[in-house]
Amino acid sequence: MLASPAIAAEDPPLGETPAGTETAQMKWQASAIDQLAAMPDADALLTAAALAATTPSQASRAMTLLDRASAMAPQAADIGLLGIQLCSMQADCAALPRETRLRQLDPHNGIAWMTALHDASGRADAARIDDMLNHMTHATRFDIYFVALTRRFNTALDRVPRSPDEASADDHRADETGHYAQAMNMAMSLVMPAFQDLVRACKPGSPAANARRETCRQIVPSLEQGDSLIANLIGLRIHEWTASDANDLATEEAQYRRLSWQMKQQLDIATSPAISPAKRMAIVLAYEREMDRMAALLTAAGKPLDPPAHWQPQQRLPAPPLAPASP
């Protein structure tokens with residue numbers, strides 16, 4: 001996931017600890033799980049479930065903890081999505097009923113059809129793939145609830161001792177940002193659905209994909225309104241593949257160029273002293289959509305949001321020829 005590299009790039013991903021500290025980190029996770037599991041609130045139980053899912057000795061506890069959190073906050077779509085993701089990590093867990101529940105909680109979120117699409121793709125069920133894509137055309141966005149989950153994880157982590165990974169980090173930065181860096185790493189590690197099935201279904205080249213061209217084009221606007229950069233980038237790629245005419249393709253190219261520029265600028269300011277760690281974190285958590293966060297960070301650093309006239313992104317593979325208009 002591309003979420004907020006300006007913050008997250010400074011910390012090791014969840015489960016990757018510096019040499020010599022892995023045992024201490026695993027012991028901390030097991031202890032934190034026990035402490036959080038004893039707390040009667042959804043944020044603590046959800047965080048315990050997320051930690052358990054990435055702790056081999058505790059993985060069997062993950063879904064029980066998740067379900068306890070869900071029972072305490074039954075209308076929370078972010079908990080529902082995390083439940084689908086954690087369930088998908090376990091061979092004996094049925095994720096499809098959980099996804100049905102997510103569709104009830106957030107009926108306009110295209111993410112709520114991704115597990116069913118993955119299942120249909122795994123079975124090479126072309127008719128069912130088409131059905132899932134048709135459902136996605138009615139979505140208004142593809143959201144993974146990254147910020148909502150990060151806030152929940154941080155709230156819970158504030159209630160347990162600092163982990164060895166955090167203790168080995170820059171103490172001054174940790175004092176300014178609390179547990180948010182670890183919370184963000186946890187969210188990034190756990191919430192990304194199987195977008196590759198959507199890409200494969202819409203990629204031109206096969207008769208089935210070519211027949212889906214119009215359907216895939218209808219999904220593009222909701223991808224471009226998603227809360228993650230990856231959803232936007234996938235939306236732009238499908239937009240490129242399914243452009244209706246030269247003007248539509250030019251619109252996509254302009255959008256991709258602007259987004260690529262902003263992503264490059266964000267990487268350039270990832271460790272800039274112009275924005276304090278606390279201010280970065282405040283900006284990141286103020287916006288649900290990653291593109292809005294990125295624009296706010298660039299603005300705070302005094303960077304332009306639009307590229308210079310001469311600037312072009314790295315070349316990507318050319319789009320397929322535009323299909324003739326339907327009669």
Side-chain angles (χ1 to χ4, degrees), residues 1-18 21 25 43 46-47 50-51 54 78 82 141 143-192 225-233 258-307 311 313:
M1 177 180 174
L2 299 173
S4 307
I7 299 281
E10 301 177 11
D11 297 278
L14 187 67
E16 293 183 19
T17 57
T21 66
Q25 178 66 16
D43 292 348
L46 181 73
T47 305
L51 289 170
T54 58
D78 58 330
L82 186 61
R141 53 193 161 68
D143 285 353
I144 61 173
Y145 316 114
F146 172 76
V147 169
L149 287 169
T150 296
R151 290 182 182 128
R152 289 187 187 277
F153 293 154
N154 182 73
T155 297
L157 291 171
D158 275 342
R159 300 162 70 181
V160 297
R162 184 181 296 185
S163 74
D165 281 358
E166 290 181 299
S168 66
D170 185 303
D171 285 340
H172 176 67
R173 180 166 56 86
D175 288 342
E176 287 192 76
T177 61
H179 294 283
Y180 273 120
Q182 182 181 7
M184 290 173 66
N185 276 334
M186 290 173 62
M188 282 190 289
S189 298
L190 294 170
V191 298
M192 187 55 61
Q225 286 301 311
D227 64 357
S228 67
L229 270 174
I230 189 66
N232 278 253
L233 288 168
R258 188 172 192 264
L259 183 58
S260 297
W261 166 258
Q262 292 184 8
M263 290 169 60
K264 178 183 181 300
Q265 294 290 93
Q266 182 175 219
L267 289 173
D268 290 345
I269 67 166
T271 58
S272 170
I275 309 176
S276 71
K279 185 174 181 180
R280 287 175 189 270
M281 196 63 70
I283 291 173
V284 167
L285 296 171
Y287 296 91
E288 298 293 331
R289 296 182 71 243
E290 192 169 4
M291 290 58 56
D292 297 335
R293 298 196 295 271
M294 181 167 61
L297 283 167
L298 294 179
T299 299
K303 299 291 185 179
L305 300 183
D306 293 299
W311 186 86

Nearest heavy-atom neighbours spanning [X] and [Y]:
X	Y	value
S163	Q25	CB-OE1, 3.7 Å
V160	H179	O-NE2, 4.1 Å
L82	F153	CD2-CZ, 3.9 Å
L305	A295	CD2-O, 3.7 Å

Within-4.5 Å side-chain heavy-atom neighbours: [X] and [Y]:
X	Y	answer
Q266	Q262	no
D268	K303	no
R162	Q182	no
N232	R289	yes
E290	I230	no
L297	Q265	no
L259	L229	yes
M186	T54	no

Contacts under 3.5 angstrom, residues 144-152 side chains, donor-acceptor by atom type, not counting sequence neighbours:
residue : atom : partner : partner atom : Å
Y145    : OH   : D106    : OD2          : 2.5
Y145    : OH   : N109    : ND2          : 2.9
T150    : OG1  : F146    : O            : 2.9
R151    : NH1  : E288    : OE2          : 3.0
R151    : NH2  : L285    : O            : 2.4
R152    : NE   : D78     : OD2          : 2.6
R152    : NH1  : D43     : OD1          : 2.7
R152    : NH2  : D78     : OD1          : 3.4

Checklist entry - Between the side chain of R293 and the main-chain N/O of Y287, is any donor-acceptor distance below 3.5 Å? => result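 A pair under 3.5 Å: yes.
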Item to check | Between CE on residue M294 and CD1 on residue I283, distance to nearest 0.5 Å | outcome: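 If we round to the nearest 0.5 Å, M294:CE and I283:CD1 are 13.0 Å apart.
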Checklist entry - Distance from I275 atom CD1 to L298 atom CG, nearest 0.5 Å? => result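 Nearest 0.5 Å value for the CD1-CG distance: 8.0 Å.
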Checklist entry - Can you pull the ring pair (Phe, Tyr, Trp, His ring centres under 6.0 Å) pairs that have at least one residue in residues 261-282, sequence neighbours excluded? => result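 Passing the test, one end in residues 261-282: W261-W311.
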